[in-house]
There are 2 protein chains.
Amino acid sequence: IEKELQAAVSGGDGNAVTREAFRQAVVNTLERRLFYIPSFKIYRGVAGLYDYGPPGCAVKANVLSFWRQHFVLEENMLEVDCPCVTPEVVLKASGHVDKFTDLMVKDLKTGTCYRADHLLKDFCNEKLQKDLTISTEKAAEFKLVLATLDDLSSEELGAKIKEYGIVAPDTKNPLSDPYPFNLMFQTSIGPSGTIAGFMRPETAQGIFVNFKDLYYYNGNRLPFAAAQIGQAFRNEISPRQGLLRVREFTLAEIEHFVDPEDKSHPKFSEVSHLEFLMFPREQQMSGQSATKTCLGEAVAMGTVNNETLGYFIGRVYLFLTRLGIDKDRLRFRQHLANEMAHYAADCWDAEIECSYGWIECVGIADRSAYDLRAHTEKSGVALVAAEKFAQPREVEKLVITPIKKEIGLAFKGSQKMVIEALEAMTEEEAMKMKSSLESKGEDEFLVCTLGKTVTIKDGMVKISKEKKKEHQRVFTPSVIEPSFGIGRIIYCLYEHSFYKRPSKDGDEQLNVFSFPPLVAPIKCTVFPLIQKPEYEAVAQRISKLLTAAGVSHIIDMSGNTIGKRYARTDELGVPFAITADSETDVTIRERDSKDQVRITISQVASIVKDLTEGHKTWADVWSAYPHHTSANGEDNDL
Amino acid sequence: IEKELQAAVSGGDGNAVTREAFRQAVVNTLERRLFYIPSFKIYRGVAGLYDYGPPGCAVKANVLSFWRQHFVLEENMLEVDCPCVTPEVVLKASGHVDKFTDLMVKDLKTGTCYRADHLLKDFCNEKLQKDLTISTEKAAEFKLVLATLDDLSSEELGAKIKEYGIVAPDTKNPLSDPYPFNLMFQTSIGPSGTIAGFMRPETAQGIFVNFKDLYYYNGNRLPFAAAQIGQAFRNEISPRQGLLRVREFTLAEIEHFVDPEDKSHPKFSEVSHLEFLMFPREQQMSGQSATKTCLGEAVAMGTVNNETLGYFIGRVYLFLTRLGIDKDRLRFRQHLANEMAHYAADCWDAEIECSYGWIECVGIADRSAYDLRAHTEKSGVALVAAEKFAQPREVEKLVITPIKKEIGLAFKGSQKMVIEALEAMTEEEAMKMKSSLESKGEDEFLVCTLGKTVTIKDGMVKISKEKKKEHQRVFTPSVIEPSFGIGRIIYCLYEHSFYKRPSKDGDEQLNVFSFPPLVAPIKCTVFPLIQKPEYEAVAQRISKLLTAAGVSHIIDMSGNTIGKRYARTDELGVPFAITADSETDVTIRERDSKDQVRITISQVASIVKDLTEGHKTWADVWSAYPHHTSANGEDNDL
């Protein structure tokens, strides 16, 4: 069954039923062992909200702790911790108040809400899969709709819904036209109700608004990165896909600030040799699939925009695979032109394949100077960096000086708009006007804010190029943002780690999570072989030694058979089990191979510590200590 | 100055000016070094919201990590992680929707809101401190108001405000009557706006609603504890006291579930010998102050209600003092009868003295069965535990069987209330009625829900005692809750760790945070004595060794004098500084003593690791290695 399930997952979309069965097996195990719990379950829950139960909470803590070590400590990032409650002004500047929306339709009779694109998607999929009567042309049309779903405007979506006669799925009632619904949870700050606020949809804005202080903290030097781990909130219209689309989640975000003129990275050579699945824009457009690519070449060929972006792609690859994500089901997909924000220089998603398909788990974007500029404009505080020159440099600067008196006389009430338009001219426009004024004494000039062309006469504006000495170059840094959806990564890790194997007598399938020690919720189980005071005392002694060594473990004194106890601990993904069956030495069993070695009690804690901290592999231990065969067939003796 | 400041803090309320100056010195240092930052500062901020900057974030992570180790791992607690967004039904059951309020008054012209008790408190304090004309009686009255402030009803508060002619402090406009303002941030869940939700005001409810699953996870055994670390939110009316009263904060909460008939604790003997400042109810009422008390005696004498509560008080004492809280400015204060919720069996606050006075930082309450009962009632899911008997026990049970037909005939429309009242009788009431019915054939019976007495005749109810075999006892567990305000603990720690000392030439006061290595944001600084390639290479080599050993550190290659660099690192509370001044060995300097020893480069990482992990003290190192005197006066050489 194991092979069948794995095949189902990796085998593309052919086998939806088996994929569904695999997912059910994983999810049932996760819920039964309290890796997660639907929140507020005794009150019948709330869609899109989940608790992490004890083992889930431990896995999450391990993932976050490794994230801190792999990114924050390794790169000396500045970690900050900002509130979730955010005033409207900040999210107005970032664009979230106006643009962080999904299109929604309402059941016109009951008021129930649906995501417009979901309904259209479901309709097309249903037709393609179940309706055998549709023509080839119609099928092609549905496929086109599915492919372009994300590009459809509100009007286009509405037109398609009308054209196909799509109705509310629960009631068959007619639907409203699509309209935008803002996905932020709104609240108000303070008692008077006058300060509108939202629960942050991402942690990044807290870093951007602190840029000035952080830059100063870093000794006014670039590049540097700030990082934040915290809760974010999205009031999804109708959450689907279980743990993948939730209304509250933990984000871990990095904002790496860099001089836009120099996006090289000193440590790029440490990752440039890595090879993994990359899926650039061109390959997606031409219908090819992701191919194994050398990161260094992708950057050299310009497929990846710059070294810093490439460096983070490489580091993300290492992070995910060390957690236990299967490298053959991990790809880096470049955003298509229509997916990418207009200001972004380049953007790659780390996508992980699971039973729901390829899921975006990490976004790695070069957001250029967009965010810092937006907050500079709205707050009036300049979020800029400066490069001090060793020697002052002489630069030529365009100077446009409107002669206010002349313009006032000529344009009266419109003078302000004319002056502003003149000052906003590009160098090219200004030099054209200058030569026109010099040759013809006047120039026709389009003032957008007036919606018409006016005649500028000689003497109304002075245009010149002046030489100035500059001591520094002031600029808005670019930001490269790797943003991690921690819950999604963990869910995919659960699927990649899960397998079933038959019990010894073959009449039962046992669940196993093959977590690496790094993420395993508990590193080790300790039990006496049978309920016997001597063995129990040994188990207690070992437990104390493990506590002193700082190895998280549980002790199982229950009277269950050893096989049952191994099965219970395998299902939690505990990598090692110590069985006390003598007063001098014990066995250590490795979860996936079920191999056992014999070790003296005094050595056991340090060996398990080395194994779980990665200083030793199981192969090292296997080759160094006597092997143990369970003569009495204790393993899987259910 | 150091002595003066410390004296001001510990010296009671005499020296408000010096206390204010001390606080300013701490807060200025904290803000300048980005321990914290007023959130959204470039938009002029929002009262009661703060960011943790890089060193603050590191201190917080260290405090939380120690909390996990000291409580969760040590006691095998079940850690969970629940969402902040919480549906109304949960907080209705817990009482927060109806009762989590503060009394507020409004400026009748501008609409500005104030906390009613704050205005009254300020008025009385101002009168007592600045008005020399008030009579002895008036002064006594103001003192009484201050002492009973928390007990005043809305009406009483309103009456006092009227009587004293208190007006809006900013405008002198008249004020509204006080009215309750709910402190929860409200939002709505889902697109239709029909599910009301709140940002949780505490993390505890997420644990209570999961009791059933957690009890099962623990093998259906009591006692056990669940724990949660997470954000909580309170929409304070007018936040004051800087970092102490904020609108969003991190809570770390433990819910220890225990059989109400057995609140002993197996590990109590490990803390019973501890002695610290305790401030029981009686001492507070009789105007005494807190006295040093032995915890074991306090429990034995019944001052502390039970062993489990006592155990946690002891563990909290150890936790706080190990973090670096001064034990002489830490006391455990018992709640007065009027402070405590009606259902609570006992409640003690760990209060820490800082420049704002004695601040509640941890609450340790025996909340009895209140929360589990409330959720059982509202959700219909029984949140109970069972004690299985080894042998079935014969118990005598009261059985009350109203004869519905007879009652219906006699009471018609009121029959339902009569039946419910009969069924709700206590054993004593029922046996009285039984004997009355047997002797007189009838009984007078008060039905509260009808507001009158009715006559119950023989034949309307059957009352008997029956013997039953029971296999288990089913009960609602009691919960003992230690709840930690992490931000408050950290702020008090900052104040307790801060001191000033003169620079070597005495013309400057230098700031120092004397954090223990456990909480220090950075464990170690590395710098070359002077900017010289050989020394810089050594510094880089040591940095690599420290990284490999997992010791967080910074490297300072700036050209500042060594004294200036020491001062900068002292101000961040970095406990150890390594100066590279040769190619074979280096000096390690301890922050508070400024003592230095010489160590070979190969030993340095392991010694610093031992020092920061608590395996070695500075005294150990000082006695084992050659001392170094800075011949060239490098320390404090500004």
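In what follows, chains carry the letters A, B, and so on, assigned in the order in which the sequence lines appear, proteins first and then strands, with residues in each chain numbered from 1. These values consider heavy atoms only, across backbone and side chains, with no hydrogens, waters or symmetry-generated copies. Predicted, not measured: the structure shown is a model, and the values here were computed from it.
- Shown here is B:Glu377, whose CD atom has no more than 12 heavy atoms of other residues, nucleotides or ligands within 6.0 Å.
- In this structure, the portion of A:Phe181 lying under 4.5 Å from any heavy atom of chain B is its side chain and not its backbone.
- In this structure, the portion of A:Phe233 lying under 4.5 Å from any heavy atom of chain B is its side chain and not its backbone.
- Contact tally against chain B (heavy-atom pairs below 4.5 Å) for A:Thr112, A:Thr194, A:Thr547, A:Thr86: the top residue is A:Thr86.
- Note: B:Pro55 leads B:Gly550, B:Ala227, B:Pro55 in heavy-atom pairs under 4.5 Å with chain A.
- Both the backbone and the side chain of A:Glu79 come within less than 4.5 Å of a heavy atom of chain B.
- Atom OG in A:Ser379 sits 9.5 Å away from atom CZ in B:Arg44 (nearest 0.5 Å).
- With values rounded to the nearest 0.5 angstrom, B:Glu31 atom CD is found 9.0 Å from A:Asp213 atom CG.
- Among B:Glu248, B:Gln205, B:Lys60, the residue making the largest number of heavy-atom pairs under 4.5 Å with chain A is B:Glu248.
- Looking at A:Asn76, the atoms closer than 4.5 Å to chain B (heavy atoms on both sides) all sit in the side chain, from C-beta outward.
- Taking the side chain as every heavy atom from C-beta outward, A:Leu34 and B:Tyr216 never approach each other to under 4.5 Å.
- Here the rule is side-chain contact (heavy atoms from CB on, under 4.5 Å) with A:Asp51, and of B:Asp81, B:Val80, B:Asn210 only B:Asn210 fits it.
- Both the backbone and the side chain of A:Val209 come within less than 4.5 Å of a heavy atom in chain B.
- Contacts with chain A were tallied for B:Ile554, B:Val90, B:Leu383, B:Asp102; B:Val90 has the most, counting heavy-atom pairs under 4.5 Å.
- Contact annotation for A:Val85: both backbone and side-chain heavy atoms come within less than 4.5 Å of a heavy atom of chain B.
- Side-chain contact between A:Phe40 and B:Val89 is absent, with no heavy-atom pair separated by less than 4.5 Å.
- In terms of heavy-atom pairs under 4.5 angstrom with chain A, the leader among B:Ser39, B:Gly380, B:Pro87 is B:Pro87.
- In terms of heavy-atom pairs under 4.5 Å with chain B, the best-connected choice from A:Ser558, A:Ser192, A:Gly190, A:Gly53 is A:Gly190.
- Atom OH of B:Tyr179 has more than 12 heavy atoms from other residues, nucleotides or ligands within 6.0 Å.
- Note: A:Met199 leads A:Arg32, A:Arg68, A:Gln69, A:Met199 in heavy-atom pairs under 4.5 Å with chain B.
- The candidate from A:Val46, A:Leu183, A:Thr187, A:Val381 with the greatest count of non-hydrogen atom pairs under 4.5 Å with chain B is A:Thr187.
- Two residues are said to be in side-chain contact when any heavy atoms from C-beta on lie closer than 4.5 Å; A:Ile42 and B:Thr376 fail this criterion.
- Contacts with chain A were tallied for B:Leu73, B:Val72, B:Thr250, B:Leu78; B:Leu78 has the most, counting heavy-atom pairs under 4.5 Å.
- At a 4.5 Å heavy-atom cutoff, the contact between A:Lys378 and chain B is made by backbone and side-chain atoms alike.
- A:His375 is listed as a side-chain neighbour of B:Tyr43, based on a closest heavy-atom distance under 4.5 Å.
- When each of B:Cys57, B:Cys113, B:Pro83, B:Cys82 is checked for heavy-atom pairs under 4.5 Å with chain A, B:Pro83 comes out on top.
- In this structure, CD1 on A:Ile37 lies 10.0 Å from OH on B:Tyr217, to the nearest 0.5 angstrom.
- Remark: A:Asn235 CG to B:Ile195 CD1 distance equals 9.0 Å, nearest 0.5 Å.
- The candidate with the highest count of non-hydrogen atom pairs below 4.5 Å against chain B, out of A:Ser188, A:Ser65, A:Ala58, is A:Ser188.
- We find the SG-CD distance between A:Cys84 and B:Gln231 to be 5.5 Å, quoted to the nearest 0.5 Å.
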